[in-house]
Protein chains: 2
Amino acid sequence: MIKVAIVDDHKILTEGLQGLIAESGIATVAGVAHSAAACRLSIGFWKPDVVLLDVGLPDGSGIDLCKELKTQFPGMKILALTTHNEYTVVRQMLDNGASGYLIKNAMADEVLAGIQAVAAGKTFLCHEIDLLMKRPQEKNIWLSQRERELLRLVTEGLTNAEIAEKIFLSPETIKGYRKNLLLKLGARNTAVLVKMALEQKLI
Amino acid sequence: MIKVAIVDDHKILTEGLQGLIAESGIATVAGVAHSAAACRLSIGFWKPDVVLLDVGLPDGSGIDLCKELKTQFPGMKILALTTHNEYTVVRQMLDNGASGYLIKNAMADEVLAGIQAVAAGKTFLCHEIDLLMKRPQEKNIWLSQRERELLRLVTEGLTNAEIAEKIFLSPETIKGYRKNLLLKLGARNTAVLVKMALEQKLI
DNA sequence: GCAAACACCCCCCTAAAGGGGGTTTTTATC
DNA sequence: GATAAAAACCCCCTTTAGGGGGGTGTTTGC
């Protein structure tokens, strides 16, 4: 029997999930955590085979927690379960060691299929995410670390001069990055840049 | 017995909810719709007393659907059930006739309490939203229709001249609105303005 | 009846962003 | 060891945004 832990702050969803998993007979729920902190405290005791992990936790990012868990328990499989269907989020989760990715509007039976697949060492993407990851790559934007950092500072409203001072670079360099970001995202100005950054969760 | 309909595209959540409501004994689930279109088709047959309505539907806004349902079926009670905890969203839902508002990380028993309360003609806000609505009003930003329209055009990257042309106003008027928006939201420039607009769902 | 909020318009001036063109070094990846 | 991508840097010039003023009339709610 597969041992599953659920980490998600949506209590209504976790209650439903517990029932769903228990009834299926393929797995048991070893524990439920509603925050990253609660997860860190208990996960060592639960020793689950599979962790159903949300991305948007109240006290931190599931993306970071995923990396943390995989470092501490390399054998533990992470199955992301979130509302986010943005390329950047999925890619970061997979880069950080997640074995699978489900979105919350997937069918209930995809959850069970996902649990079984990742427990068996396979990777599992729900249908919609599978399509997303297979799109022509020019539609799935991927930024370098530096570009992400810059984009974050731009969205916070810093001017080129301020950014330059903050990260010890020339204002002209910042300008170059901004131009490049506009080009890369196909944005005509800062307003659209910020919009895309937030909508596509690029930062 | 209270008759409830669920309109939400998160299938995992709706499955869980159905069980939860059925087990409680206080209500029955008359039907489930995973989209606004499906809801429009079936709601007349179901004739529920209470509709659990999500804001973020795949084919439209729950805010608009709420207004629509209240116009067509004034006696039907709408109980919003969403992830959004932004003042603007809550206020728009309530203005459009919703009797209650739950966020998805509320406790499961709040759902049942909410259903009973709105069915009895009362209004019901879950704890977190109740706190939000009672905050000092300067923290809860509310924009006029015109301001929202302008903000939307700004986030789409239009320049003052383009906006002026589009909505037949003087570019100087647009400039005035922008200045006022910056002041009202406490944003130092367009980047922050766009960020706040999206984060607080002002548009 | 009167204040407050909304909608509308104009001036001047400076700061910042955007569009064009470049260069070099480092660091992965094949 | 070649190739490519990321990272850092620079100049010129034009357009747009932002900061500071000023003002009008019209709804809307108490």
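Labels below follow one simple rule: chain letters A, B, ... track the order of the sequence lines, proteins then strands, and each chain is numbered from 1.
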Spell out, as yes or no, whether a donor-acceptor pair under 3.5 Å connects the side chain of Asp49(A) to the backbone of Lys3(A). yes
What string of B, S and - do you get for nucleotides 17-30 of chain D, 5' to 3', when a contact is any protein heavy atom under 4.0 Å? SBBBB---------
Please check this pair: side chain of Gln116(B) against backbone of Ile26(B), looking for a donor-acceptor N/O pair closer than 3.5 Å. no
Salt bridge (charged side-chain N to carboxylate O under 4.0 Å, His left out) between Arg40(A) and Glu68(A), intermediate numbers included: CA-CA 9 Å; Arg40(A) 285 193 196 94; Glu68(A) 215 181 299; 2.5 Å; yes
Return yes if some donor-acceptor pair links the side-chain N/O of Ser42(B) with the main-chain N/O of Cys39(B) below 3.5 Å, else return no. no
Check whether more than 12 heavy atoms from other residues, nucleotides or ligands sit under 6.0 Å from atom NZ of Lys184(A), and answer yes or no. yes
Please check if atom CD in Glu199(A) has more than 12 non-hydrogen atoms from other residues, nucleotides or ligands closer than 6.0 Å. yes
Please list, in numerical order, the residues of residues 192-203 of chain A that have a heavy atom closer than 4.0 Å to any atom of DNA chain D. none
Any residue in residues 143-153 of chain B with a heavy atom nearer than 4.0 angstrom to DNA chain C? Just list them by number, or reply none. Ser144(B), Arg146(B)
Met76(A) backbone acceptor or donor facing Lys70(A) side chain under 3.5 Å: yes
Examine distances only and state if a side-chain atom of Asp59(A) and a backbone atom of Ala36(A) form a donor-acceptor pair shorter than 3.5 Å. yes
Ion pair Lys166(A)/Glu156(A), N-O distance below 4.0 Å: no
Between Ile63(A) and Met93(A), what is the shortest heavy-atom contact and its length? CA-SD, 3.5 Å
Is there a donor-acceptor pair closer than 3.5 Å between any side-chain N or O of Thr71(B) and the backbone N or O of Lys67(B)? yes
Just by distance, do the side chain of Arg135(B) and the backbone of Asn140(B) share a donor-acceptor pair under 3.5 Å? no
Evaluate the side chain to side chain contact (heavy atoms under 4.5 Å, CB included) criterion for residues Leu193(A) and Val194(B): first the C-alpha distance (whole Å), next the side-chain angles of each, then the deciding distance (0.1 Å), finally the verdict. CA-CA 10 Å; Leu193(A) 196 66; Val194(B) 172; over 6 Å; no
Give a yes or no answer on whether the side chain of Glu165(A) reaches the backbone of Glu162(A) with a donor-acceptor pair at less than 3.5 Å. no
Could you give all pairs that pass the salt bridge (charged side-chain N to carboxylate O under 4.0 Å, His left out) test and reach residues 95-104 of chain B, with sequence neighbours left out? Asp8(B)-Lys104(B), Asp54(B)-Lys104(B), Arg91(B)-Asp95(B)
Closest nucleotide of DNA chain C for Thr173(B) versus for Trp142(B): which of these residues is on the 5' side? Trp142(B)
Check every nucleotide of DNA chain C for an atom under 4.0 Å from a heavy-atom of chain B, then give the first and the last such nucleotide from 5' to 3'. dC6(C) to dC12(C)
Sorted by number, residues from residues 163-171 of chain A placing a heavy atom under 4.0 Å from DNA chain D are Leu169(A), Ser170(A)
